[in-house]
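Presented below is the structure to which this report refers.
Below, chain A is the first sequence line, B the second, and so on; all start at residue 1. Hydrogens, waters and symmetry mates are skipped; everything else that's a heavy atom, side chains included, is used.
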Protein chains: 2
Amino acid sequence: MDVRTLCLGALMGGEATGYEIRKMFEDGTFSHFQIASLGSIYPALTKLTQDGLVTFVEHEQENRPDKKIYQLTSEGRRSFLRTLLQTRPGEDRYRSDILFMLTFAEEMPLELTEALIDEFAARHQMMSQQIDPDKDDGTDAQGSRWHDEDGNPKPGCCFVAGLGQAMCDATLKFIRENKQGLLDQLKNYKANKS
Amino acid sequence: MDVRTLCLGALMGGEATGYEIRKMFEDGTFSHFQIASLGSIYPALTKLTQDGLVTFVEHEQENRPDKKIYQLTSEGRRSFLRTLLQTRPGEDRYRSDILFMLTFAEEMPLELTEALIDEFAARHQMMSQQIDPDKDDGTDAQGSRWHDEDGNPKPGCCFVAGLGQAMCDATLKFIRENKQGLLDQLKNYKANKS
DNA sequence: GATTGACTATATCGAATTGATATATGATAG
DNA sequence: CTATCATATATCAATTCGATATAGTCAATC
């Protein structure tokens, strides 16, 4: 799923600037299961404009850089929905440097292992809190898009958010239950080697 | 964490060909938390050879393309361990087209929503089984590397594998408990709109 | 009162990575 | 008898990332 499609999806919830779209992937609605950087979003929006799938209004601001507020065209909306129906979703991929590094726990000092696990837990703790759909009350125009125009929560979004939280919680639970055990095993393991 | 570092890590468990390294990221040891494609692995190995961090022996095979079996040099091993100690691990990122698409469940036919959820569950089911560290009995030279030379399971690897399974299980549990609820909500949601 | 860092906002570009393709052959399945 | 898959390396265009440039506001710290 390329960045152009992701941008169309981001604009399904209403108008937004490129910067706001990045925030949806960085902090907001999509942050825990998709990624897109500014370096790919801006070219994507330019291309989409050329193809007539989005339009933008330029808002000149005093003492601030101009704002380009993008919006789906009806053609863009149709195109996105067609993509949804026709695309075979790509594989799920989870990428974690910390887990990769922990694979080599035997080769590093115990303190580093513990620090990595703690950092991993802290990140998931933060993510779990960030996902919470209740924080979006529908009044914040630039906020996330868990609710539709009538203020009803969108079932699909709630499901995905709940799934994300369940994964975070499972991760935290596993760490609570197994961190000390790992550290003890590592101590033994290292004692045996020397 | 770049592909060169990932290759060094893959070779920490013993010698391997480029093809086998890809398998570790595709099916094997690292498959559920790191990715690397052949198009990046081969150039990385070439570069690592030039830098003296790995060496390879070319095995000519009858009626088969030559095999280059790569191995860490002691310099390569030291370099990798240094990287482990010095690198700040990059952010964890989870990427899922299916979850992104499910965000727009309101806009698609119910059957597609259900199919996407089922596919998501099936993938995680498969992953959960694939992770199982017991399948590696230490006799398979080309298999995964959950065990060290003495046949002892590596605590770090077991921890990471367990964490992966816990995440899969949590995902499957969530789907079991919430799939039907979502489908029902979507039915109501759509009825309200028309 | 001054500098530092964080936030809003767009844009560009080199470097890294993906994903597809080419090449070659054996084995297995339909 | 013909796909398709597995082994194995290699290359390359297209995509995407990550860093940087620009530019102004605001808050905090020193």
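Distance, B/Phe56 CZ to D/dT9 P: 10 Å, rounded to whole Å. Look at CD on A/Glu26: it is 15 Å from C1' on C/dA9, rounded to the nearest Å.
Take A/Phe25 and apply the ring-ring contact (aromatic ring centres under 6.0 Å, His included) test, not counting sequence neighbours, and it matches A/Phe30. Applying the salt bridge (Lys or Arg N to Asp or Glu O under 4.0 Å) rule to A/Asp169 yields no partners; only residues at least two apart in sequence or on another chain are considered. Partners of A/Ser79 by side-chain hydrogen bond (donor to acceptor under 3.5 Å, both in side chains), not counting sequence neighbours: none found. Judged as a ring-ring contact (aromatic ring centres under 6.0 Å, His included), and not counting sequence neighbours, the contacts of B/Phe159 are A/Phe174. In this structure A/Lys190 satisfies the salt bridge (Lys or Arg N to Asp or Glu O under 4.0 Å) test with no other residue, sequence neighbours excluded. In this structure B/Leu112 satisfies the side chain to side chain contact (heavy atoms under 4.5 Å, CB included) test together with A/Leu85, B/Met108, B/Pro109, B/Leu116, sequence neighbours excluded. Taking the salt bridge (Lys or Arg N to Asp or Glu O under 4.0 Å) definition, one finds that B/Arg176 meets it with nothing, sequence neighbours left out. Partners of B/Gln180 by side-chain hydrogen bond (donor to acceptor under 3.5 Å, both in side chains), not counting sequence neighbours, listed by chain and number: B/Asp184.
Note on A/Lys47: nothing from the nucleic acid sits closer than 4.0 angstrom, heavy atoms only. Here A/Thr17 lies in heavy-atom contact (under 4.0 Å) with sugar-phosphate atoms only.
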What N/O pairs connect the protein and nucleotides 10-12 of chain D at under 3.5 Å? Give each pair on its own line.
unit_1 : atom_1 : unit_2  : atom_2 : d
D/dA10 : OP1    : B/Lys68 : NZ     : 2.4

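In this structure, A/Tyr94 has its ring center no closer than 6.0 Å to that of B/Phe33.
Contacts between residues 83-99 of chain A and DNA chain C, defined by a heavy-atom separation under 4.0 Å, are made by A/Arg93, A/Arg95.
Across its full length, the helix from C/dG1-D/dC30 to C/dG30-D/dC1 shows an angle of 40° between the axes of its 5 terminal pairs at either end, rounded to 10 degrees.
Pairs of residues two or more places apart, or lying in two chains, that qualify as salt bridge (charged side-chain N to carboxylate O under 4.0 Å, His left out) and include a residue from residues 90-99 of chain A are A/Asp92-B/Arg123.
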